[in-house]
Amino acid sequence: MAKTIIDKIWDRHIVVGEPGKPDLLYIDLHLLHEVTSPQAFEGLRLNGRKVRRPDLCFATMDHNVPTVNRKVIKDPIARKQIRTLAENCEEFGVPLADVDHPDQGIVHVIGPELGLTQPGKTIVCGDSHTSTHGAFGALAFGIGTSEVEHVLSTQTLWQSRPKTLEIRIDGEIAPGVAAKDIILAIISKFGTDMGTGHIVEYTGEAIRKLTMEERMTICNMSIEAGARAGLISPDETTVEYLRGRKYAPQGEAFDKAAEDWLSLASDEGATYDRSVSIHADEIEPFITWGTNPGMGAGISGRVPLASDYANELERDSFLRAIEYMGLEEGQKFTDIEIQHVFIGSCTNARLSDLREAARVIEGKKVRDGVRAMVVPGSRTVKKQAEEEGLDKVFTEAGFEWRESGCSMCLAMNDDVVPAGERCASTSNRNFEGRQGTGARTHLMSPAMAAAAAINGRFTDVREEFAVHA
Amino acid sequence: MKPINEVTSILTPLDRSNVDTDQIISKEFLKRIERTGFGKYLFYHWRFDAEGNKKDGFVLNDPRFDGSEILVARENFGCGSSREHAPWAILDYGFRVVIAPSYADIFYNNCLKNCILPIRLQEEEVEELLAKGKAEPVRLEVNLAEQTVTQPDGTVHRFDIDPYWKEMLLNGWDEIALTFKYEDQITKYEKTMQRA
Ligand code: SF4
């Protein structure tokens, strides 16, 4: 029978499968960071338990590391959390890319970069954006701290088999439209809870043509559509990306692995519990205007009107959102001015993202009164960007060029948007207070954020910056 | 873990949909390395203004609902970040039961692991509980063994829960200790996978 990649990976990982119970799934890779792991390690200690397979774990520090001066973590509690992770890794033998390590970076950027992320693996991390790794055809999902402790102790998790959801992108993506626009358009169209209880597979010709980095941007935000995980069947693009990576198989072993990876792709005629589609023609450069990632629209549009909402509850949450965001009904997006630009996060801080942004700003200046920063997704990304001279492009335009980390994506370190100010951000969440108490976040692609930095307001990157011409 | 079966308490009507875990527990409170002490930060920016004064009009600041153990909200509760600090804060504040039409998956799981009972009811039922609960304090009886929520007038709402999790919650079992019973299977799985 024709099977989806989701079922193929699931079936391979069942350690115990008894009727009427969740399956006990084996976990191939467990990624850890400083914020969601301390209580899990503490739990091990209290119960006298060990880490079963430290060799299948990999830890880094990203959420609250400083992105200016690495040596000084002012917040004593953050400092304690970072030190705690180092001590835990030492005590339990877990490999760690420490703040000073050349491999350090946002956990979802370094997994793929190091070749730890591979097709067919089950991958978990105490972080909801673990879905990023699904771009490789891995079954990757975020877990809570109790589950982190469970995986550390047993290398397994009890999981009920989720339903499958196909999201197909028909047609060809127009020039100047980024991967971020595709996923924002999907979430706006179908809502932030469309994927609840499901694992998504993204399909269609448009997906096949995307690079691995673009695929990661899309899978990253699966969680914003409510999905447990999101993945893309592996193909030659996947294989070529992984060839030669530090932790990928090497030589003959690689070719053997690649053969297996390609066999995991969903079979022709495989069926899903649900299928939806979106046409590429519906997708233009997107921005969000509200306080969840589903509140978005094409840049040529306007803030909706209260009268657009027939349902009273939806109208109320719309009014709440625009009040928080300081917007007027029907306001044209391109009239909205911004004070901050953040290019970073596990959604859009890989090398190709920085290149896209740099192409827009090259030879131009950040608008007076706008504070703009670039926070590369990893130290490797930073190094590669500097080798290409991208750092110069950014700093000459007036951007700050930072060390890697999560930074202003969730503002746990010192990088915060002040209350009432507006930020064009390449991150993934625009919840109230996400980038600072009272901060107003608009999500968009790196090129769109770069254009906003230059003009000081939202701009259709295709009009004034014909970078793809 | 503290087992859970019967909870009788007035309900707290949180009439909002898509409540994300950033609102439940804001990131500035995630730096603790313990599981406890998060209750005072629950819904912090909805409860308190910049000076730390209680904001009028937010339901948790309404003394009528003091001591409530049942939180009722609208759909897609707990969306966003996977932070287990969210259920820790809910539990530490004093809630044992959440009622909503739907939950984000990770949050739902995180509740179960902490012996918080996340109940799914139909949208109309939640609507009714919210309306009544806002008008005047309503005392609900929740019974996990029976899978029921009972209103003071005797109206009974039934809910579904995975039998595996029902048993775990009723007994307050340590899931890791249970999984260790399958250690031989795990070892066997590792051996076959290495050969493959
Ligand atoms: S960059 Fe943002 S979304 Fe990604 S892991 Fe860090 S905090 Fe989470």
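Order of the sequence lines sets the chain letters (A, B, ...), proteins ahead of strands, with each chain counted from 1.
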Task: For chain A, the option from S26(B), G80(B), S17(B) that forms the most heavy-atom pairs under 4.5 Å - done: G80(B)

Task: Interface residue of largest heavy-atom contact number with chain B, from L410(A), T291(A), D260(A), under 4.5 Å - done: L410(A)

Task: Option that, when pairs with chain B are counted at under 4.5 Å, heavy atom only, ranks first among H198(A), R228(A), R49(A), Q155(A) - done: R49(A)

TODO: Could you grab the distance from atom CD1 of I77(A) to atom CZ of F29(B), nearest 0.5 Å is fine?
DONE: 10.0 Å

Open item on the list: With a 6.0 Å cut-off (strictly less than), is the heavy-atom count around NZ of K21(A), excluding the residue itself, greater than 12?
Closed with: yes

Open item on the list: Counting heavy-atom pairs under 4.5 Å with chain A, which one of D20(B), N110(B), N114(B) comes out on top?
Closed with: D20(B)

Task: Mutual orientation of the aromatic rings belonging to Y189(B) and H13(A) [parallel < 30°, tilted 30-60°, perpendicular > 60°] - done: tilted

- [ ] Report the distance from atom CD of Q159(A) to atom CG of D105(B), rounding to the nearest 0.5 Å.
- [x] 9.5 Å

Task: A50(B) versus chain A, the contacting section by heavy-atom distance below 4.5 Å - done: neither

TODO: Look up atom CD1 in I33(B) and atom NZ in K80(A), then write down how far apart they are to the nearest 0.5 Å.
DONE: 4.0 Å

TODO: Could you tell me the separation between the OG1 atom of T192(A) and the CG atom of N18(B), rounded to the nearest 0.5 Å?
DONE: 4.0 Å

Task: Under 3.5 Å: donor-acceptor pair, side chain of Q39(A), backbone of E34(B) - done: yes

- [ ] Pick one of side chain, backbone, both or neither for I223(A), based on which atoms fall under 4.5 Å of a heavy atom in chain B.
- [x] side chain

- [ ] Output, in order, the C-alpha distance, side-chain angles, deciding distance and verdict of salt bridge (charged side-chain N to carboxylate O under 4.0 Å, His left out) for E190(B) and R52(A).
- [x] CA-CA 11 Å; E190(B) 285 173 334; R52(A) 182 179 175 92; 2.9 Å; yes

Open item on the list: Within residues 22-32 of chain A, which residues come under 4.5 Å of chain B, heavy atom to heavy atom?
Closed with: P22(A), L24(A), Y26(A)

- [ ] Could you look at A419(A) and say if it's the side chain, the backbone, both or neither that has a heavy atom under 4.5 Å from chain B?
- [x] neither

Task: Most contacts with chain A, counted as non-hydrogen pairs under 4.5 angstrom, among N109(B), D174(B), D22(B) - done: D22(B)

Open item on the list: As an exercise, state the distance from CZ of R74(B) to CG of L313(A), rounded to the nearest 0.5 Å.
Closed with: 4.5 Å

Task: N292(A), part contacting chain B, at a heavy-atom distance under 4.5 Å - done: side chain

- [ ] Return the minimal non-hydrogen interatomic distance between S82(B) and S128(A), and the atom names on each side.
- [x] OG-N, 3.3 Å

Open item on the list: Which atoms of R429(A) are under 4.5 Å from chain B, going by heavy atoms: the side chain, the backbone, both sets, or neither?
Closed with: side chain

- [ ] Please check if atom CG in D55(A) has more than 12 non-hydrogen atoms from other residues, nucleotides or ligands closer than 6.0 Å.
- [x] yes

Task: Top contributor to chain B contacts, counting heavy-atom pairs under 4.5 Å, from G43(A), S153(A), S317(A), G195(A) - done: S153(A)

Task: Per-residue contact mode, T84(A) against chain B (heavy atom under 4.5 angstrom) - done: side chain

Task: Any donor-acceptor pair under 3.5 Å from E175(B) side chain to L157(A) backbone - done: no

Open item on the list: Sub-4.5 Å heavy-atom contacts with chain B: which residues of residues 139-147 of chain A show up?
Closed with: G142(A), I143(A), G144(A), T145(A), S146(A), E147(A)

- [ ] Heavy-atom pairs under 4.5 Å with chain A are the metric here; pick the option from K188(B), Q185(B), R83(B) that has the most.
- [x] Q185(B)

- [ ] Could you look at T36(B) and say if it's the side chain, the backbone, both or neither that has a heavy atom under 4.5 Å from chain A?
- [x] neither

TODO: Pull out the residues in residues 430-438 of chain A that come under 4.5 Å of chain B, heavy atom to heavy atom, sorted by number.
DONE: F431(A), E432(A), G433(A), R434(A), Q435(A), G436(A), T437(A)

Open item on the list: Checking the side chain of K31(B) only, and the main-chain atoms of V35(A) only, is there a donor and an acceptor separated by less than 3.5 Å?
Closed with: no

- [ ] Can you tell which part of R32(B) gets under 4.5 Å to a heavy atom of chain A, answering side chain, backbone, both or neither?
- [x] backbone

Task: chain B contact via A229(A) - side chain, backbone, both or neither, heavy atoms under 4.5 Å - done: neither

Open item on the list: What verdict does the salt bridge (charged side-chain N to carboxylate O under 4.0 Å, His left out) test give for E149(A) and R35(B), after you've listed the backbone C-alpha separation in whole Å, the side-chain angles of each residue and the deciding distance to 0.1 Å?
Closed with: CA-CA 13 Å; E149(A) 188 178 337; R35(B) 283 178 203 248; 2.6 Å; yes

- [ ] Step through the shown structure and confirm whether more than 12 heavy atoms of other residues, nucleotides or ligands are within 6.0 Å of NZ on K55(B).
- [x] yes

TODO: Examine whether an atom of D316(A) lies under 4.5 Å from a heavy atom of chain B, and if so say whether it belongs to the side chain, the backbone or both; otherwise answer neither.
DONE: neither

Open item on the list: A quick test of your reading: do over 12 heavy atoms of other residues, nucleotides or ligands sit less than 6.0 Å from CD of E323(A)?
Closed with: no

Open item on the list: Is the shortest side-chain heavy-atom distance between L30(B) and M412(A) below 4.5 Å?
Closed with: yes

Open item on the list: Taking side chain as everything from C-beta outward and backbone as N, CA, C, O, which of these in S160(A) sits under 4.5 Å from a heavy atom of chain B? Side chain, backbone, both or neither.
Closed with: side chain

Open item on the list: At a 4.5 Å cut-off on heavy atoms, which part of T156(A) comes close to chain B: side chain, backbone, both, or neither?
Closed with: side chain

Task: Atom pair CZ (F180(B)) and CG (N47(A)), whose distance is rounded to the nearest 0.5 Å - done: 8.5 Å

Task: Choice from T130(A), D127(A), T36(A), N64(A) maximising heavy atom contacts with chain B below 4.5 Å - done: D127(A)

- [ ] Sort by residue number and list every member of residues 144-169 of chain B having a non-hydrogen atom under 4.5 Å from chain A.
- [x] D162(B), Y164(B)

TODO: Identify which part of Y108(B) has an atom lying under 4.5 Å from any heavy atom of chain A, answering side chain, backbone, both or neither.
DONE: neither

TODO: Kindly indicate, with the supporting measurements, whether the criterion side-chain contact (heavy atoms from CB on, under 4.5 Å) is fulfilled by V15(A) and Y182(B).
DONE: CA-CA 9 Å; V15(A) 178; Y182(B) 295 96; 5.9 Å; no

